[in-house]
Amino acid sequence: MLNSLESVTKKHKVLFIDYDECLTGTLIQQVEEITNDKDVIIDYTYPTGLDDIRYIFFLIDEYRLDSLRWVESMLEKPTMVDSYVVIMTKEKPKQSLFQYLNHEMNGIISLDYFLNHGQRVMETLDEYNVFLEQSLHQDLVNDIHKKKMKDKPINRLVLREEEMELSLNSNEKRVLQHILDGHNNKKISELMYLAPSTVSTVISHLLKKLGANDRTDAMVNVIRRGWVDAVR
């Protein structure tokens, strides 16, 4: 997204699309103080008429599936060529958000970082068209390294439990890992010393939580969300 000097002078509005309603009265005041030379717009859906909006922040509270799907749907919507689009999270951003860098967007930051460095964020966007919160820099380097290793055969997909924001119990996590390992229900039953009917029940609950239709859909789901590491 290239921006001319003329467009910089025309764009004076900052839009926060607050999906999880994170911005309360006090936080709104802080945001307005940081962007005191710009008009602040806070909405909960994608508004029409983006001609005079310079910065667009998609704000989510948690890494729930519905929140991530909402982010995807927002990134698919057209924006003005000279507007900046940034994913903003209430908590520290996670590596799983890197997948969205393939979209036409300009950065990933946390709300807390913006409240402390908002002017710097916007100035950097104006100068370089991109801003990534400093805590993510090393994670991005590691992610790039993994992509460079992608031509090597994958020995195993390992569930990255700390990245998951689903409420899974221990059996559900273990079953999901066994599914990633390619085991069928009978093998999972043997490995976990559980009755086949119990394994089927656990898988049924797991698919429901993941919003998946079947085992294959569940695997695609967790891989797509960045919840697995490929061990090569």
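Because the structure is predicted, anything quoted here is derived from the model rather than measured.
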Query raised in the report: Do Leu159 and Ile223 share a hydrophobic cluster, counting only Ile, Leu, Val, Met, Phe, Trp and Tyr and linking them when any side-chain heavy atoms are less than 4.5 Å apart?
Result: yes

Query raised in the report: Between Leu97 and Val130, is there a shared hydrophobic cluster once you connect ILVMFWY residues whose side-chain heavy atoms come closer than 4.5 Å?
Result: no

Report task. Consider only side-chain N and O atoms of Asn185 and Arg215, and report whether a donor and an acceptor are under 3.5 Å apart. Result -> yes

**Report entry** Spacing of Arg160 atom CZ and Ser96 atom OG [to the nearest 0.5 Å]
**Finding:** 8.0 Å

Query raised in the report: Side-chain donor-acceptor pair under 3.5 Å between Asn106 and Tyr128, yes or no?
Result: no

Query - Heavy-atom closest pair, residues Leu23 and Val31 - result: CD2-CG2, 4.3 Å

Requested in this report: Using distance alone, with no hydrogens and no angle criterion, decide if Ser110 and Glu133 have a side-chain donor and acceptor under 3.5 Å apart.
Outcome: yes

Report task. Please step through salt bridge (Lys or Arg N to Asp or Glu O under 4.0 Å) for the pair Arg225 and Glu72, ending with a clear verdict. Result -> CA-CA 11 Å; Arg225 300 298 169 189; Glu72 291 177 0; 3.1 Å; yes

Report task. Decide whether Ile17 and Ile41 are clustered together by the hydrophobic rule: side chain heavy atoms of Ile, Leu, Val, Met, Phe, Trp, Tyr closer than 4.5 Å, transitively. Result -> yes

Query raised in the report: Do Tyr19 and Asp66 have side-chain atoms, one donor and one acceptor, less than 3.5 Å apart?
Result: yes

Query raised in the report: Got more than 12 heavy atoms from elsewhere within 6.0 Å of NZ, Lys187?
Result: no

Query raised in the report: Side-chain contact, heavy-atom cut-off 4.5 Å: Val85 with Glu104?
Result: no

Query raised in the report: Are Asp126 and Tyr84 side-chain neighbours, meaning at least one heavy-atom pair lies under 4.5 Å?
Result: yes

Query raised in the report: Do the non-hydrogen side-chain atoms of Val14 and Met122 ever get within less than 4.5 Å of each other?
Result: yes

Query raised in the report: Are Phe131 and Tyr113 near enough that their ring centres are under 6.0 Å apart?
Result: yes

Requested in this report: Would you confirm whether Lys209, through its side chain, and Ser167, through its main-chain N or O, come within 3.5 Å as a donor-acceptor pair?
Outcome: yes

Query raised in the report: So Asp181 and Arg156, salt bridge (Lys or Arg N to Asp or Glu O under 4.0 Å) or not? Walk me through it.
Result: CA-CA 7 Å; Asp181 289 336; Arg156 191 181 185 221; 2.9 Å; yes

Query raised in the report: Looking at side-chain heavy atoms only, is the closest gap between Val222 and Leu176 below 4.5 Å?
Result: yes

Query - Close side-chain approach of Phe57 and Phe114, heavy atoms under 4.5 Å - result: yes

